[in-house]
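Have a look at the structure below, then the notes.
In what follows, every chain begins at residue 1, and chains take the letters A, B, ... in the order their sequences are listed.
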Amino acid sequence: MSKYLVFDRETENHEHRKRFSSPFYDKNWTVALGWKKQGDKQCSALYFPTKEDEKPLQIDKDVSILVGHNLKFDLLFGWEDPALKAFFKRGGRIWCTQYAEYLLEGMHPDSHMIAMDQIAEKYGGRKKVDAVKAMWEAGFLTSQIDKDMLLDYLIGTKEEKRNSGDIGNTELIFLGQIKRAMKLGMMTMIQARMDGLLATTEMEFNGLKIDVPEAARRMKIMESELAITEKELESYIPELPVGLTFNWNSNTHKSCLIFGGTVKYKKSARYIDPKTGKYARKKATEEWPLFDGEPVDPKEATIDKDSGLYFIEDNCEQGGGYTCGMEISGSCEYCSCTGLDTRYQDVFTSGKKKGAGRFKKVDVPGEFKTKIQDFFFEFPGYTTPDPKWQGALTDGQGDSIYSTNDEVITELGSRDIPFLKAMAKRSALVKDLGTYYVRYDDKKKDYKGMLTCVLPGTHIVNHSLNHTNTVTSRLSSSNPNLQNIPRGDTSEVKKMFISRFDGGKMLEVDYSQLEVVVQGMLSGDKNLCQDLRDKVDFHCKRVSAWKKVTYDEAKKWCKDEKDPKYPEWKVYRTNAKVFSFQRAYGAGANLISQYTGMPIDDVKDLIEAEEIMYPGVTEFNDSVEKTVKRNAQAFKDWARDGKVYRRGHWQAPTGTMYTFRSYDAPDYLREKGVTDTFMPTEMKNYPVQGTGGEIVQIILGRLFRRFVETDNYGGLALMCNTVHDCVWFDFMPDVQEELCRDVKEIMESVPEVLKELYDMDVDVPFPVELEIGDNLYDKQVIHI
DNA sequence: TGTTAGAGCGCC
DNA sequence: AAAAGGCGCTCTAACA
């Protein structure tokens, strides 16, 4: 009799290396562990006041499935527990209620990363103790929360007979989800994906080893290149007013510099007080000496050193005296006065201060007030923008900002603008340094970039592989994102990824054009499947259909460098390649023509040729569209505009459900009275993208089982990462042969796996390519 | 001071 | 025919 075991941890919640409650930080541990085994009348829990008290989850032999919400988190905290290892060894499986909910909801955006509290009630559970959540939100550590309160939160209160809380809710959700999954025909698919979740848990646990000295070396080189480039760029910036610093990161600045425009900048400066019409000033008072009862500005008086009193030497009213610079002696030459009249400051005549000078507090104009104000500076510009580069933002004057992205800069290449190359180089360096190395953010006083996630000592970076964050059921990666590491032809970043083993290697295994294979599989198009079996070069095939020559001719002329036709036909192939990628995303003829520079009629010819060659693909796309439209239901989108839209779905043969929403119709349909339409591009792409992702994930599950079986090849090979159609491994050469053979066999066994799980008859191969190297940059294709 | 939208760009 | 799909990170600019 096999049973389920629901469990959950409340862990110490320090953030470390961008990871919330990181299981890889030694200051975090399981503060409270709760569980309920199938058949138990109530939940159980253990409380561990310190890390030293911590005990592992006990998993009885009759337990066959572990259940939890966001289960990867709880698994990582005990990933090396012998009990858990033994559990997997005997074939134990998992069910993550967060992941299952996301799949059951057809990956609807509202179901991404969904919190338990948001679904507990719909499965008959109840909301949990708010006070605990409030304390976390207020920044308390889990260990600072009252033990009883925490346990109430975890397993329910005494009034709830200790059969609620996180654990009780999870059980109810699990049982409800099983029913839903059976009804929707999604049970097998969910189970298979759960094994994929185990694989990514293993990958997160293993992480990637970073060659920190190499990274530091590269960084130094890049930083000095950056300094040189920025120095060069400086000379192209016109003289700027104080307070405005040109920022090469700012799209506004770049657009204004290149195309002309007004940059708004802020500076602290004086301003006119509307009440007085003069510059605003601060209030101030001064002690002024009194002369005959009238206060006089001390600046106009002199201090008598002996008495400490102020005195004034009044000038002759007739204009004589100091003002004319004349020496005064005796009488004034303009009149009969005796030159200067010295008057002394008033003094107290009695009391304590008798004899001391009298003063009065007088309001005087204080310092000028300043405030941060907008200033404007107009750049003349170097060239005129193409209107199609116009963006949504405006400059200081309200004129349009134009895009200065890579595409535009390339297009500007033919115009004589001297700094474009340096600017592009700077952008590339800043992107690499800021995203994949490390860069100090002056404003936030914080470091940015992938290397900030590297653990000290081990130099391992543990990324997150997220299962519930996309609408297509693909995975995503974050903190850091290890699914967008620049390829070898873009940057040398991949050199940083090395083996953690002494003398070890890295292995990357890719599916060859997975999405084309999936397109063939889903559509069942006879020609496409045959071409996949024949391993034709699809780009040459498209060229042959487009230029009306045979496939063999096209292939020779496109690929044989010695052929006289090669230079011309190579370009055809490149265009066909771009065409096929664009087409996969559903782009129309217009856009492809614009993007490739091919005449629109040529693009239309290619599209037509495609449809004649692979009619099954069009039929498949049409059938998805029909299905979605047929089952669509209206809903009011309050988050958007409160208007009525529709949502429909299409279910793949594996059981995966894709949901689609409608959007405001484009103008040409609006004129015909249509208010909302589904996006044909989404409907074409989701099934292919999603099924490709799904296949990789279930294969990851198979790989995980093999790694469990072999104890990670005796501890000499590790699964590390996956990027949609590829898998990364870290291994010792000792096990290379066995590892490569297994990985290739398992990854290429897609048709067998799909037959076994879903009784699908798949007649296309899923070939993979293996590459090995000392790092993920310098790798060689290997053949087995 | 922190949040958010937009742009840009890395990957598949 | 007509609407280029999916992510996450960094940066700026605007706003509360």
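A search for side-chain contact (heavy atoms from CB on, under 4.5 Å) contacts involving A:V517 returns A:L532, A:V764, A:F766, not counting sequence neighbours. Residues passing the ring pair (Phe, Tyr, Trp, His ring centres under 6.0 Å) test with A:Y265, sequence neighbours excluded: A:F375. Scored by the ring pair (Phe, Tyr, Trp, His ring centres under 6.0 Å) test, A:Y585 finds no partners at all (sequence neighbours excluded). Here A:N590 pairs with A:I600 under the side-chain contact (heavy atoms from CB on, under 4.5 Å) rule; sequence neighbours left out. Taking A:T627 as the reference, A:R630, A:N631, A:W650 meet the side-chain contact (heavy atoms from CB on, under 4.5 Å) condition, with sequence neighbours excluded. Looking at residues two or more places apart in sequence or on another chain, you find a side-chain contact (heavy atoms from CB on, under 4.5 Å) between A:T472 and A:T470, A:R474, A:Y686, A:Q689.
Distances were taken from every side-chain heavy atom of A:N481 (C-beta onward) to each of C:dG5, C:dC9, C:dC11; the shortest belongs to C:dC9.
The salt bridge (charged side-chain N to carboxylate O under 4.0 Å, His left out) pairs that include a residue from residues 676-701 of chain A are A:R193-A:E694, A:R646-A:D676, where partners are two or more places apart or lie in different chains. Within the structure, every pair that satisfies the salt bridge (charged side-chain N to carboxylate O under 4.0 Å, His left out) test and touches residues 385-405 of chain A, not counting sequence neighbours, is listed here: A:K388-A:E411. Residue pairs meeting the salt bridge (charged side-chain N to carboxylate O under 4.0 Å, His left out) criterion with at least one member in residues 615-626 of chain A, sequence neighbours excluded: A:E625-A:K629.
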Please list, for nucleotides 13-16 of chain C, all pairs of protein and nucleotide N/O atoms separated by less than 3.5 Å.
residue: C:dA13; atom: OP1; partner: A:S250; partner atom: OG; Å: 2.7

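Residues from residues 431-440 of chain A with heavy atoms under 4.0 angstrom of DNA chain B, sorted by number: A:K431, A:Y436.
A:V430 comes within contact range of no nucleotide atom at all, as no heavy-atom separation falls under 4.0 Å.
Where DNA chain B meets chain A (any atom under 4.0 Å from a heavy atom), the bounding nucleotides read 5' to 3' are B:dA7 to B:dC12.
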